[in-house]
Amino acid sequence: MIDLRLLRDDPDTVRASQRARVESESVVDELLRADEQRRAAVQAFEVLRAEQKALGKQVSQAKGEEKAALLSRTKDLAAEVKAAETAATQAETALRQAHLAVSNVVEEGAPPGGEEDFVVLREVGQKPDLASPRDHLELGEALRAIDMERGAKVSGSRFYFLTGVGALLELGLLQLAIAQAVEYGFTPAIPPVLLKPESMEGTGFLGAHASEVYRLEADDLFLVGTSEAPLAAYHSGEILDLERPIRYAGWSTCFRREAGSHGKDVRGILRVHQFDKVEMFSYCRPEEAHDEHLRLLAWQEEMLAKAEVPYRVIDVAAGDLGSSAARKYDCEAWVPSQGRYREVTSTSNCTTFQARRLGIRYRDADGKTQMAATLNGTLATTRWLIPILENHQQPDGSVRVPKALQPYLGGRDVLEPA
RNA sequence: GGAGGGUUCGCCUAGUGGCCGAUGGCGGCGGUCUUGAAAACCGCUAUGGGUGGUGACACUCAUCGUGGGUUCGAAUCCCACACCCUCCGCCA
């Protein structure tokens with residue numbers, strides 16, 4: 001939810017942001033109207049309520065005929081108060097609806113436009129020179145690292161087994177990510193992956209992403225699509241000390257229905273229903289969010305360097321940000337078999353948008369409570385196995401192990417087909 | 001699944017219809033005293049909204065798990081729900 005004070009003081013900024021996102025501008029005016037109507041309704045109620053309270057005090061002191069006279073007046077007033085309260089509650093509900101319809105205000109500098117309008121910030125690393133690259137599945141099957149067939153047999157399409165060196169590679173990658181995060185002062189966290197509706201709602205994942213989320217109907221719980229959700233809900237309703245940013249590195253399995261992606265990326269483990277991820281999550285003061293965002297990006301790039309994978313960084317266009325993010329950078333790793341870059345990390349600056357909905361605040365130097373900012377970013381996921389396998393493949397089908405991952409594979413520097 | 005108990009201000013706790021936004025303690029902050037510290041004493045110490053003021057601020061409304069009800073008036077009475085805890089059972 002955006003800051004209503006900003007909306008009142010400077011609605012044009014909000015309209016411009018909506019325009020940059022290629023989203024409706026009229027919702028801004030609807031929100032302005034709802035805000036006004038709510039204030040009017042609340043005021044009407046408060047006046048009546050104050051009167052009622054004052055009369056109530058007199059009643060408690062009066063007696064006899066005087067009391068009877070007072071009581072005859074209060075009866076009508078009570079009905080009016082009730083009506084005004086109902087109206088105020090309705091106006092409040094309407095405001096919330098309108099509030100939820102407006103996306104976060106885009107950070108200055110974000111490229112305008114839609115999905116295709118991203119800006120490439122840099123390309124890093126040397127693409128391997130491969131005559132006819134095998135894809136990750138072919139490599140993974142030869143190494144007995146990835147078993148899609150049995151995944152499908154046991155659980156259906158878009159499920160897989162990681163076995164042997166595949167499992168080791170995944171665990172090693174995630175541990176490497178956790179180790180790096182801890183080195184930089186993150187608190188490692190293993191969150192619950194089943195969330196109550198309100199936790200899911202608070203983080204906004206039941207909005208546009210609703211069809212992506214698995215729901216366990218019998219228990220009214222949701223499977224997380226990212227540990228961002230539990231890590232954001234972790235401090236909901238709290239007032240934090242944000243002298244310095246509070247950072248968590250969440251390790252969790254993630255579940256996605258991939259409902260709208262039929263026929264897309266069906267081969268291998270690029271797009272699957274279940275994967276593991278280490279996610280960075282920061283709470284900080286809003287004025288620090290911009291710098292924190294760049295720090296998260298730098299940590300992602302450090303991890304990619306450890307994986308020894310060529311990648312590029314893109315500045316995601318406003319129209320492709322999702323409603324919570326004000327700015328988003330993706331790192332895309334080179335995938336030789338596809339001859340193109342594919343997303344392996346994403347980091348979003350949600351400014352105060354997510355925190356406002358979750359009620360996450362901090363105390364400023366004057367002791368006043370202020371809305372916190374939240375940011376998140378991928379540090380490693382199962383998907384990384386794709387560029388790792390493909391970029392390090394050798395003509396004989398063996399795969400080199402990046403130096404940083406070797407300790408997790410028993411010191412092996414190359415994986416041979418079984 | 002069964003049986004009980006509970007949910008009040010950072011934490012603990014008092015509060016059975018108006019004098020309660022709410023008691024007391026702990027913790028925290030400030031002060032007195034002290035060379036300094038401790039102790040003692042004094043003071044302050046929830047959040048959100050609205051209106052007014054450039055502003056420190058003032059006034060006002062809401063909030064005692066959530067939602068409804070009774071009442072002129074509810075933390076307090078009634079109903080429903082949620083969550084937590086304990087014990088028993090079951091499973092691992």
Side-chain angles (χ1 to χ4, degrees), chain A residues 1-10 31-100 190-202 206 215-222 229-230 233-243 246 283 285-286 352-372:
Chain A
M1 296 190 281
I2 65 162
D3 185 356
L4 286 180
R5 249 161 293 181
L6 171 74
L7 176 80
R8 287 175 209 153
D9 296 345
D10 188 6
L31 179 55
L32 273 169
R33 212 172 312 128
D35 179 44
E36 242 165 75
Q37 280 168 0
R38 174 189 151 270
R39 276 185 291 169
V42 165
Q43 265 177 70
F45 161 69
E46 283 187 3
V47 168
L48 286 168
R49 179 70 175 148
E51 194 181 334
Q52 185 185 38
K53 282 177 91 165
L55 273 177
K57 274 214 168 92
Q58 290 178 43
V59 169
S60 68
Q61 277 151 17
K63 42 186 173 285
E65 241 171 74
E66 194 189 349
K67 186 160 191 163
L70 281 170
L71 283 181
S72 71
R73 278 172 61 200
T74 49
K75 194 117 194 171
D76 290 340
L77 188 57
E80 283 179 53
V81 167
K82 178 132 270 177
E85 184 172 20
T86 304
T89 305
Q90 278 169 1
E92 211 123 358
T93 307
L95 173 66
R96 190 174 166 82
Q97 288 297 320
H99 207 168
L100 290 172
I190 299 175
V193 294
L194 289 172
L195 256 50
K196 297 196 279 188
E198 63 253 45
S199 301
M200 212 63 184
E201 212 148 44
L206 292 185
R215 172 157 183 231
L216 303 186
E217 196 148 353
D219 299 284
D220 202 17
L221 290 168
F222 294 92
Y234 188 58
H235 285 304
S236 62
E238 297 182 19
I239 298 172
L240 306 171
D241 176 8
L242 289 181
E243 190 89 29
I246 297 177
Y283 298 87
R285 285 177 275 143
T352 58
F353 189 86
Q354 193 176 51
R356 188 164 289 108
R357 195 195 281 223
L358 286 162
I360 303 164
R361 292 163 298 166
Y362 71 100
R363 235 172 259 288
D364 67 15
D366 299 329
K368 280 192 180 163
T369 54
Q370 304 283 358
M371 226 26 100

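Residue numbers start from 1 in every chain, and the chains themselves are labelled A, B, ... in the order their sequence lines are given, proteins ahead of strands. The shown structure was predicted, so the numbers you read here are calculated from the model rather than taken from an experiment.
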- Query: Using atom P of each nucleotide, how far apart are G69(B) and U51(B) to the nearest Å?
  - Reply: 28 Å

- Query: How long is the span from the OG1 atom in Thr89(A) to the CZ atom in Arg38(A), to the nearest 0.5 Å?
  - Reply: 11.0 Å

- Query: For the atom pair NE2 (His235(A)) and CD1 (Ile246(A)), what is the distance rounded to the nearest 0.5 Å?
  - Reply: 5.0 Å

- Rounded C1' spacing from U63(B) to U7(B) in Å: 15 Å

- Message: Between G65(B) and U32(B), how many Å separate the two P atoms, rounded to a whole number?
- Response: 41 Å

- Message: Can you tell me how far apart CD1 (Ile2(A)) and CZ (Phe353(A)) are? Round to the nearest 0.5 Å.
- Response: 8.0 Å

- Taking the side chain of Arg39(A) as its heavy atoms from C-beta onward, which of G50(B), C83(B), A62(B) lies nearest to it? G50(B)

- Item | Nearest-angstrom distance, C1' atom, C87(B) to G27(B) | 34 Å

- Would you say A62(B) has OP1 or OP2 under 4.0 Å from some side-chain N or O of Lys53(A)? yes

- To the nearest Å, give me how far apart CZ (Phe45(A)) and C1' (G49(B)) are. 12 Å

- Do any side-chain nitrogens or oxygens of Arg38(A) fall under 4.0 Å of OP1 or OP2 in G48(B)? no

- Message: Has Arg285(A) got a side-chain atom pairing as donor or acceptor with Leu242(A)'s backbone, closer than 3.5 angstrom?
- Response: yes

- Message: What is the separation between atom CD on Gln90(A) and atom C1' on G67(B), rounded to the nearest whole Å?
- Response: 16 Å

- Message: Quick check on U47(B): is either OP1 or OP2 less than 4.0 Å from any side-chain nitrogen or oxygen of Arg361(A)?
- Response: no

- Task: Using whole Å, report how far CD of Gln37(A) lies from P of G50(B).
- Result: 15 Å

- Message: In whole Å, measure the gap between the C1' atoms of G67(B) and G89(B) for me.
- Response: 33 Å

- Message: With rounding to the closest Å, how many angstrom separate the C1' atoms on G73(B) and C57(B)?
- Response: 32 Å

- List the atom of Ala233(A), the atom of Ser199(A), and the distance in Å for their closest heavy-atom pair. CB-CB, 4.1 Å

- Query: How long is the gap from CE on Met1(A) to CZ on Arg96(A), to the nearest 0.5 Å?
  - Reply: 4.5 Å

- When you measure from the side chain of Arg5(A), which nucleotide among C83(B), G49(B), G50(B) comes out closest? G49(B)

- What integer distance in Å separates Met371(A):CE from G49(B):P? 7 Å

- From the candidates A62(B), G49(B), U47(B), the one with an atom nearest any side-chain atom of Thr369(A) is U47(B)

Polar-atom pairs under 3.5 Å, protein N or O versus N or O of nucleotides 71-73 of chain B: list them with distances, or write none.
residue: C72(B); atom: OP1; partner: Lys75(A); partner atom: NZ; Å: 3.1
residue: C72(B); atom: OP2; partner: Lys75(A); partner atom: NZ; Å: 3.2
residue: C72(B); atom: O4'; partner: Thr74(A); partner atom: OG1; Å: 3.1

- Based on Watson-Crick and G-U pairs with both distances under 3.5 Å, what dot-bracket line describes RNA chain B 5' to 3', crossing pairs as [ ] and inter-strand pairs as |? ((((((((.[[[..)..(.....]]]((((((.......))))))(((((((....))))))).[[[[[..)....]]]]])))))))....

- Query: Roughly how many Å is it from CG in Asp35(A) to P in G49(B), rounded to a whole number?
  - Reply: 12 Å

- Message: On RNA chain B, does the nearest nucleotide to Ala50(A) precede the nearest nucleotide to Val42(A) from the 5' side, or the other way round? Give the residue.
- Response: Val42(A)

- Spacing of Leu77(A) atom CG and Lys82(A) atom NZ [to the nearest 0.5 Å]: 12.5 Å

- Message: Taking the P atom in each of G25(B) and C79(B), what is the distance between them to the nearest angstrom?
- Response: 36 Å

- Message: Once rounded to the nearest 0.5 Å, what's the spacing between atom CG of Leu194(A) and atom CG of Leu216(A)?
- Response: 5.5 Å

- Message: Expressed as a whole number of angstroms, how long is the span from Leu95(A):CG to G50(B):P?
- Response: 10 Å

- Salt-bridge test for Arg8(A) and Asp35(A): reply yes if a basic N is under 4.0 Å from a carboxylate O, no otherwise. yes

- Whole-Å distance, Glu46(A) CD to G50(B) P, equals 9 Å

- Message: Closer than 4.0 angstrom, basic N to acidic O: yes or no for Asp9(A) and Arg5(A)?
- Response: no

- Message: Work out how far the C1' atom of C11(B) is from that of U23(B), and round it to whole angstrom.
- Response: 16 Å

- Query: When we call it a touch if two heavy atoms are under 4.0 Å apart, what does Arg356(A) touch: a base, just sugar-phosphate, or nothing?
  - Reply: nothing

- Check whether any side-chain heavy atom of Tyr362(A) lies under 4.5 Å from a side-chain heavy atom of Asp241(A), and answer yes or no. no

- Once you round it to whole Å, what is the distance between P of G52(B) and CD of Gln43(A)? 8 Å

